[in-house]
There are 2 protein chains.
Amino acid sequence: MLSLAEENYLKSIYHLSDAGEKAVLTNELAEALNTKAASVTDMVKKLSTKEFISYEKYYGVKITGKGKSVALAVIRKHRLWETFLVQTLGFKWDEVHEVAEQLEHIKSTLLIEKIDEFLGYPQVDPHGDPIPNAQGKIKKLEKTALKNLATGSESTIVAVKDSDSNLLKYLEKIGAKPGKKLTVISKEEYDGSLQVAIESQHYFISKEVSENILVTL
Amino acid sequence: MLSLAEENYLKSIYHLSDAGEKAVLTNELAEALNTKAASVTDMVKKLSTKEFISYEKYYGVKITGKGKSVALAVIRKHRLWETFLVQTLGFKWDEVHEVAEQLEHIKSTLLIEKIDEFLGYPQVDPHGDPIPNAQGKIKKLEKTALKNLATGSESTIVAVKDSDSNLLKYLEKIGAKPGKKLTVISKEEYDGSLQVAIESQHYFISKEVSENILVTL
DNA sequence: CTACAAATTTAGACTCACCTAAAAAAATAT
DNA sequence: ATATTTTTTTAGGTGAGTCTAAATTTGTAG
Ligand SMILES: [Mn+2]
Ligand SMILES: [Mn+2]
Ligand SMILES: [Mn+2]
Ligand SMILES: [Mn+2]
């Protein structure tokens, strides 16, 4: 049975490695987990012994199949809980992430399967992120950050960053929800800001925000 | 912010003291929490410093008002989650206690109030135990153990012990649910067993079981 | 009242997850 | 190629919560 800390490390490693594609460095992990590099070194040694990751000194860590399946189970729980909170209990989409960070560690297969069933097997969470199925299979969506779109291009929002409550409140206000169509009106070279149209309304969007809106290719 | 261990200690102290009526001894607490007396001594010192309990060496602990309100908040969460699991997700009443032991520690006032609202402000949990309200007020029910009833007496089941899954499965089988009427047909002095009628069906009930069925006075 | 037993506390140690400071390795700049 | 900076690891330590074994206090029985 994995501890809360171990689960959080594996989840972070999974995310930072782009689903296991690339190696993750000690400092990245320390940053993401709000901890110190020395603590990370300790923990990755432990996770490596348990074979959830492979660790080579000074070169970072790679997640194993075993580690991936733990990470995906946690991510599945996180996203199902967020969906439940919004759909069933009427939470706003900016209120769910913190609570889901706790709920994702509840140990009960029965519980999460019942929630999944109750919700009608949703495919994505309230922020557009895909929900892995019980076998850990996840639909990887074709997406890019809004900031990568060329002027004039049309696209559809597929997901948004879910961990910044203020960002989410702002996105709500301008109607930037997954599923919404959007057109890039203009881009400012200087600061990376851009003008977009969402449902015929025009908005100025900062570079920072444009990095956290994911759109179809 | 209280730790999981601290919350569990306070909950146990509250239960073992009959809602704060009497002092709780070190060994009782060790037994209830599945730990050792030495560990309990350490923890009660800490809780005492924080004024959740008052502790006098060798004489046990008494819960304070502050401690009671923490305990009641945890008990509220436990019982609301159990109710949710049974009513909304279709868990059986013997499947919920363990999961609720985890869920009761989720920190989010919003979450528990939403659940309460979603369930329509239930008064009792699936095992008949009263649910404290958001202010920590709890309806104390007039009840006694089935074993205390005299031969021939009629009574109604108000609650059953919720932590023993096998007991609950057995009670389910004989229809011993809160709200059900029951008559004591006969009592066996020798082993404390008794014969009862539940909805005109007769059952032999061991002393042990009769201690875990609570009925109206 | 004394002896023994039971309950409780103290002492010392362990694991987990974290920390700071120092050492070492790797990356970068001159 | 050497010096400097950055990254990572090692060394040593902390607090929470637990443990065992030993000491102490309280309760009970003769
Ligand atoms: Mn989230
Ligand atoms: Mn999300
Ligand atoms: Mn319970
Ligand atoms: Mn219950």
Side-chain angles (χ1 to χ4, degrees), chain A residues 1-17 22-63 67 70-71 74 98 101-102 104-107, chain B residues 1-17 22-63 66-67 70-71 74 101-102 104-107:
Chain A
M1 184 114 309
L2 290 175
S3 71
L4 188 139
E6 289 171 321
E7 288 191 345
N8 282 335
Y9 269 84
L10 289 174
K11 185 169 57 123
S12 275
I13 293 167
Y14 180 88
H15 285 315
L16 293 171
S17 69
K22 54 181 200 201
V24 179
L25 305 177
T26 302
N27 271 357
E28 290 183 87
L29 216 34
E31 162 87 36
L33 290 162
N34 239 290
T35 184
K36 297 296 152 73
S39 310
V40 172
T41 303
D42 283 352
M43 182 58 100
V44 298
K45 278 180 186 167
K46 185 167 51 150
L47 289 173
S48 171
T49 309
K50 296 188 180 180
E51 300 190 299
F52 293 109
I53 59 179
S54 63
Y55 164 57
E56 217 184 326
K57 259 192 189 182
Y58 295 103
Y59 284 93
V61 302
K62 273 207 67 185
I63 196 161
V70 171
V74 175
E98 284 302 306
E101 286 290 306
Q102 298 178 60
E104 72 189 7
H105 300 289
I106 299 291
K107 262 107 178 153
Chain B
M1 185 115 306
L2 291 175
S3 72
L4 189 140
E6 290 172 321
E7 288 191 346
N8 281 336
Y9 270 83
L10 289 173
K11 186 170 56 124
S12 275
I13 292 168
Y14 180 87
H15 285 315
L16 292 172
S17 68
K22 53 182 200 199
V24 179
L25 305 177
T26 302
N27 270 357
E28 291 182 86
L29 217 34
E31 161 87 36
L33 290 162
N34 239 294
T35 182
K36 295 297 150 74
S39 311
V40 172
T41 302
D42 284 351
M43 181 58 100
V44 298
K45 278 180 185 168
K46 183 164 55 146
L47 290 173
S48 172
T49 308
K50 295 190 180 179
E51 300 190 296
F52 292 109
I53 58 178
S54 63
Y55 164 57
E56 217 182 328
K57 258 193 188 181
Y58 294 105
Y59 284 92
V61 302
K62 271 208 66 183
I63 194 161
K66 198 175 155 192
V70 171
V74 176
E101 285 291 307
Q102 297 178 62
E104 72 189 8
H105 300 289
I106 300 292
K107 262 108 179 154

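Below, chains carry the letters A, B, ... as their sequence lines are ordered, and counting in each starts from 1.
The side chain of A38(B) lies closest to dC19(D), out of dC19(C), dT24(D), dC19(D). With distances taken from any side-chain atom of T26(A) to the nucleotides dT8(D), dT9(C), dC19(D), the minimum falls on dT8(D). Among the nucleotides dT18(D), dT8(C), dA24(C), the one closest to the side chain of N27(B) is dT8(C).
The distance from atom CD of E31(B) to atom P of dA6(C) is 16 Å, rounded to the nearest whole Å. Note: CD (E7(B)) to P (dA16(D)) measures 16 Å, nearest angstrom. For N8(A) and dC16(C), the CG to C1' distance is 15 Å, given to the nearest whole Å. Between the CE atom of M43(B) and the P atom of dT8(C) there is a distance of 18 Å, rounded to whole Å. Remark: C1' of dT18(D) and CG of L4(B) are 14 Å apart, rounded to the nearest angstrom.
Summary of the strand contacts: T35(A) and Y59(A) both lie near DNA chain C, and taking for each the nucleotide with the nearest heavy atom, the more 5' one is attributed to T35(A).
With respect to K107(A) and E7(A), a salt bridge is recorded, a charged nitrogen being found less than 4.0 Å from a carboxylate O.
For D42(A) against dC18(C), a side-chain N or O and a base N or O form a donor-acceptor pair under 3.5 Å.
Within the 4.0 angstrom heavy-atom criterion, base atoms lie near T41(A).
Heavy atoms only, all atoms of each residue included: L10(B) and F52(B) are closest at CD2-CB, 3.7 Å. The minimum heavy-atom distance between A37(B) and T26(B), with the atom names listed, is O-CG2, 3.7 Å.
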Trace of the side chain to side chain contact (heavy atoms under 4.5 Å, CB included) decision for Y55(B) with T49(B): CA-CA 9 Å; Y55(B) 164 57; T49(B) 308; over 6 Å; no
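Phosphate proximity of dT20(D) to K36(B): present, with a side-chain N or O under 4.0 Å from OP1 or OP2. For dT8(D), neither phosphate oxygen OP1 nor OP2 lies less than 4.0 angstrom from any side-chain nitrogen or oxygen of Y55(A). Proximity of Y58(B) to the phosphate of dA6(C): no side-chain N or O atom is located under 4.0 Å from OP1 or OP2. For S39(B), no side-chain nitrogen or oxygen approaches OP1 or OP2 of dT18(D) to under 4.0 Å. In this model, the phosphate group of dT10(C) is approached by a side-chain N or O of K45(B) to a distance below 4.0 Å at OP1 or OP2. Residue K57(A) places none of its side-chain N or O atoms closer than 4.0 Å to OP1 or OP2 of dA24(C).
Between Y9(A) and the options I53(A), V70(A), V61(A), L47(A), a side chain to side chain contact (heavy atoms under 4.5 Å, CB included) holds for only L47(A).
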